[in-house]
Amino acid sequence: MIKRLSLPINALLILGLLLISVFFSLGMGTQSVGFDAIYACLFEQCQGPFDQQILFDIRLPRIITGFLAGFGLAMTGALMQNITRNPLADPYLFGIVAGAGLGVTMVSFFAESIALSIPFAAFIGALLAVVLVIGIVFNRHWQRIEFLLLAGVAVSFLLSAITSFTLYISDAFAANRVIFWLMGSLARTDNQAIYWITPVIIIGLFISLLLARQLDALLLSDESARSLGVSVSKVRIGILILCAAITAAIVAFCGGIGFVGLMIPHLVRKWVGITTGKLIIFSGLLGGIFLMLVDVVARTALNGQEIPIGVITAAIGSIFFLALMRKE
């Protein structure tokens, strides 16, 4: 059990960990950069042109994108777990990642202006997943959370199957490129990814904090929330669409990265509690730090080759939940 500390101490701890992680991520890679060189580039003047190119043109955009992706995935996982009152809910279980992946796969093969179409295709695919899940359970089982989760799992498998079939009938070279992308990677991220993902996460965080009291009421029960004046269906559907938008923006540029939204909120609940405001902020920060460090492993574990980041998060997540099951 992680000991509960005061909010200011927790904030200082997470910010300190963030700064250490950024310095560490900047220094690690196929070409190591000393911490004295990093300090000189950040606060004085780079000691050489290669240091500036490596740090600011290659690694810094990747680090920022990794932090944003981890922040968004962990935040959406915390939101979905709170609105469903189920600690296993995350974008993967609701088919949102599968839908976004299907949208990107389709546009990668059939659209001409890929650069402009990928983010929109990812959002349309993620929104399609949400619509399918809600459509399946709306008439009969909307009030039963377990049916909502089961519908999400079914939709996730369905959309993943369509994606796999599309890859099977497509050109082998293009299919291999998309398959690597679907496993998740920050290798091709650039400033454009930052420009797209940042406003989506900021808007999502702002809306979530505005609805924090209503989301806290949902933690009790749907009946209790209604007695407090909360429009349960509208809030739940709105949060699902918001999570779809955030996940779509991340998947569009980083591919499919699993287990971040499932694992990080578990740790943060034991750390700061279940209150929505604190939970989504600390989950986001810890998720961003986690994905930055995982990316360091992805680009340094093998010489001359990069491991898909989704493979590493899946392995860590599996071990985490086996340990959690054993403990419980």
Side-chain angles (χ1 to χ4, degrees), residues 71-100 123 126-156 200-201 203-250 258-270 272-284 286-287:
F71 191 104
L73 291 173
M75 182 178 74
T76 55
L79 286 171
M80 297 181 77
Q81 289 169 18
N82 272 18
I83 65 171
T84 60
R85 298 187 296 276
N86 190 308
L88 296 179
D90 87 324
Y92 263 90
L93 272 185
F94 269 77
I96 294 176
V97 172
F123 176 71
L127 191 61
L128 171 65
V130 172
V131 170
L132 287 174
V133 171
I134 293 174
I136 291 171
V137 301
F138 191 78
N139 290 331
R140 296 181 58 188
H141 303 299
W142 173 246
Q143 306 303 330
R144 301 184 64 178
I145 300 300
E146 62 271 21
F147 280 97
L148 192 66
L149 293 171
L150 289 174
V153 172
V155 168
S156 179
V200 176
I201 290 180
I203 293 171
L205 181 62
F206 178 74
I207 294 174
S208 301
L209 292 176
L210 282 180
L211 298 175
R213 290 182 179 273
Q214 300 181 49
L215 296 174
D216 287 339
L218 283 176
L219 289 171
L220 304 174
S221 67
D222 286 5
E223 292 75 16
S224 299
R226 288 193 188 91
S227 68
L228 295 173
V230 177
S231 179
V232 174
S233 297
K234 290 182 179 179
V235 171
R236 188 167 284 144
I237 292 174
I239 292 298
L240 285 176
I241 294 174
L242 183 66
C243 291
I246 295 172
T247 305
I250 294 169
F259 280 94
V260 178
L262 197 61
M263 179 171 50
I264 298 300
H266 276 274
L267 298 174
V268 174
R269 279 191 189 88
K270 295 180 179 181
V272 300
I274 63 174
T275 306
T276 300
K278 292 187 293 185
L279 179 65
I280 60 176
I281 291 175
F282 279 87
S283 293
L286 188 60

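This chain uses plain numbering: 1 for the first residue, then up along the sequence.
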Minimal heavy-atom distance between Gly287 and Ala74, with the atoms involved, is CA-CB, 3.9 Å
Rounded to the nearest 0.5 Å, the CD1 atom of Ile264 sits from the CZ atom of Arg269 at a distance of 11.5 Å
Looking only at heavy atoms, the pair that brings Ala225 and Ala217 closest together is CB-O, 3.8 Å
For a 4.5 angstrom cut-off between non-hydrogen side-chain atoms, does Val133 reach Ile96? no
*Do side-chain atoms of Ser156 reach the backbone of Gly152 as a donor and acceptor pair under 3.5 angstrom?*
no
Do Asp222 and Arg226 have side chains that get closer than 4.5 Å, going by heavy atoms? yes
Fill in: Close side-chain approach of Ile250 to Ile246, heavy-atom, < 4.5 Å
yes
Closest heavy-atom pair, Ala100 versus Ala248, reported as atoms and distance to 0.1 Å, is CB-CA, 4.2 Å
d(Ser208 OG, Leu242 CG) to nearest 0.5 Å is 5.0 Å
Heavy-atom nearest pair, Ala245 first then Val200, reads O-CG1, 3.8 Å
- Query: Do the non-hydrogen side-chain atoms of Leu205 and Ile281 ever get within less than 4.5 Å of each other?
  - Reply: yes
With Asn82 as partner, the option from Ile239, Thr275, Thr276 fulfilling side-chain contact (heavy atoms from CB on, under 4.5 Å) is Thr276
Q: Assess whether side chain to side chain contact (heavy atoms under 4.5 Å, CB included) is satisfied between Ile83 and Leu240, documenting all intermediate values.
A: CA-CA 9 Å; Ile83 65 171; Leu240 285 176; 4.0 Å; yes
CD (Gln81) and CG (Leu79) are apart, to the nearest 0.5 Å, by 9.5 Å
Note: Ser283 and Ala78 closest approach over all heavy atoms is OG-CB, 4.0 Å
So CZ of Arg85 and CD1 of Ile274: to nearest 0.5 Å the spacing works out to 11.5 Å
(message) Please evaluate residues Val232 and Gln214 with respect to the criterion side chain to side chain contact (heavy atoms under 4.5 Å, CB included), reporting the C-alpha separation (whole Å), side-chain torsions for both, the decisive distance (0.1 Å), and the verdict.
(response) CA-CA 9 Å; Val232 174; Gln214 300 181 49; over 6 Å; no
The reported gap from CE in Met263 to CG in Asp90 (rounded to nearest 0.5 angstrom) is 10.5 Å
Closest non-hydrogen contact found for Ile280 with Gly277 is CG1-O, 3.4 Å
